[in-house]
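Heads up: the structure comes next, in structure tokens.
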Amino acid sequence: MVIAKSWTMVRHFEGAPQPEDFKLIENELPPLKDGEVLLESEFLSVDPYMRPYSKMKLKEGDVIMGSQVARVIESKNPAVPVGGYYVAFAGWTTHFISDGQGLAPLPSSWPENLPKSLALGAAGMPGLTAYFGLLELCNPKEGDVVLVNAAAGAVGSLVGQIAKIKGCKAVGCAGSDDKVGFLKEIGFDEAFNYKTVSSLAEALKKASPEGYDCYFENVGGKFADTALQQMKDFGRIAVCGAISLYNDSVPSTGPYIQPYILFKQLRMEGFLVTRWQDRYPEGQKQLLQWIIEGKLKYHEHITNGFENMPAGFMGMLKGENIGKAIIKV
């Protein structure tokens, strides 16, 4: 008999999620049928996308969506052996049964000295988001200036490093002096704390007086309004997220951006990383190679204990993490 613990959404979030919005439940899982496997989550991911998608995809009382690195502890499926590690999208749960569909095995070449949690971070969805979003949409050329906001987060910290690998100047902004220090440690050319500068426009101008060729957008809102004015002609903007807006109960209004896009002839495109799902093996192989070579540095913000998953999620939305926010069961 296996008891699965799961976190459910009591009600749709209004504004910033609160502790009372989450409920921990327990369910006894049935015996396996032929073709099924039982998995135990070891690491779970908390990500910004969960905030807007919960409104679109979940009903009140549903288990909250999300991915995990899980180990097979019982199997009646010869293709999925006991002891194997897989990335799954089973939600915030400690144990689950699968028919094997939708399980992504960790590569057989996974280095022993790398934590398996990286399959949720630098070598997983955030890494692939940085890799394809930057290279396919921004198409950076050697010598380009690349701007990244939320630059100390799971995606932004990798975007800046990939820009450097491609011979670009990387400019990042973050919300604390510790995060700015982290950005400089991993190779950003310029970094500043947007919360302490007297003028965001002046800080951006100081970091790159000539403007920006590429802008990897994670924040939206007033930052974007300001940054778009400093793009070079024919600049490219990849819109990955808008975390500053996710908790808004009333939609924000701001300057109209069409004149900047028009007169600077900018290209601005939103994306979901699943667009490149058929190329994930290519991206993961390259990311792992850069990590092994020391060209791509990673940092994990680990919250211990499945019972602390809501706190880890709320902390991530507040920007408490440096690098990838992970829950260790």
Side-chain angles (χ1 to χ4, degrees), residues 47-49 118 120-174 179 182-184 186-191 204 207-208 210-220 223-224 227-228 230-243 261 264 266-299 322-324:
D47 300 283
Y49 79 83
L118 284 191
L120 301 173
M125 182 273 288
L128 295 166
T129 300
Y131 179 83
F132 288 114
L134 179 67
L135 299 184
E136 296 294 322
L137 298 191
C138 287
N139 191 24
K141 308 289 193 301
E142 186 173 353
D144 277 356
V145 184
V146 177
L147 172 64
V148 192
N149 53 17
V155 174
S157 59
L158 302 174
V159 170
Q161 293 183 80
I162 295 171
K164 291 298 296 177
I165 290 170
K166 296 299 181 180
C168 301
K169 175 180 177 179
V171 177
C173 81
K179 291 181 178 180
F182 168 68
L183 295 181
K184 292 179 178 176
I186 62 175
F188 277 72
D189 296 283
E190 300 286 345
L204 289 170
S208 180
E210 69 274 26
Y212 296 91
D213 301 281
C214 305
Y215 170 25
F216 196 97
E217 168 68 286
N218 291 308
V219 174
F223 190 102
L228 283 176
Q230 300 201 24
M231 296 298 295
K232 295 181 184 179
D233 289 351
F234 302 103
R236 289 87 67 199
I237 302 113
V239 182
C240 174
I243 197 169
I261 294 173
K264 291 177 178 287
L266 305 177
R267 191 180 76 233
M268 187 175 192
E269 186 172 349
F271 73 96
L272 304 177
V273 69
T274 48
R275 183 195 304 192
W276 297 282
Q277 196 160 5
D278 61 332
R279 293 175 59 191
Y280 281 5
E282 165 206 331
Q284 188 176 59
K285 181 180 178 182
Q286 180 62 83
L287 290 164
L288 279 170
Q289 182 180 331
W290 283 336
I291 291 168
I292 292 165
E293 292 172 351
K295 294 179 179 177
L296 198 61
K297 299 176 177 64
Y298 63 88
H299 190 278
I322 292 179
K324 179 71 185 84

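Counting from 1, the numbers follow the sequence of the chain as shown.
Residues K264 and M231 come closest through the heavy atom pair NZ-O, 2.9 Å. Nearest approach of Y131 to G283, heavy atoms of both residues: CE2-CA, 3.8 Å.
F188 has its side chain out of reach of V171: every pair of non-hydrogen atoms, C-beta onward, lies at least 4.5 Å apart.
Ion pairing of K232 with D213 is present here, as a side-chain N (NZ or NE/NH1/NH2) and a carboxylate O approach within less than 4.0 Å.
Within 6.0 Å of NZ in K164 there are more than 12 heavy atoms belonging to other residues, nucleotides or ligands. Within a 6.0 Å radius of NZ in K285, no more than 12 heavy atoms belonging to other residues, nucleotides or ligands are found.
Ring planes of F182 and H299: perpendicular class, angle over 60° (limits at 30 and 60°). Between F216 and F271, the ring-plane angle classifies as perpendicular under the 30° and 60° cut-offs.
In this structure, OH on Y215 lies 10.5 Å from SG on C138, to the nearest 0.5 angstrom. Distance check, rounded to the nearest 0.5 Å: CG of D144 to SG of C214 gives 4.5 Å.
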Given K169 and E142, is the salt bridge (Lys or Arg N to Asp or Glu O under 4.0 Å) satisfied, shown in steps? CA-CA 9 Å; K169 175 180 177 179; E142 186 173 353; over 6 Å; no
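Side-chain atoms of Q286 and E282 form no donor-acceptor pair, as typed in the model, at a separation below 3.5 Å.
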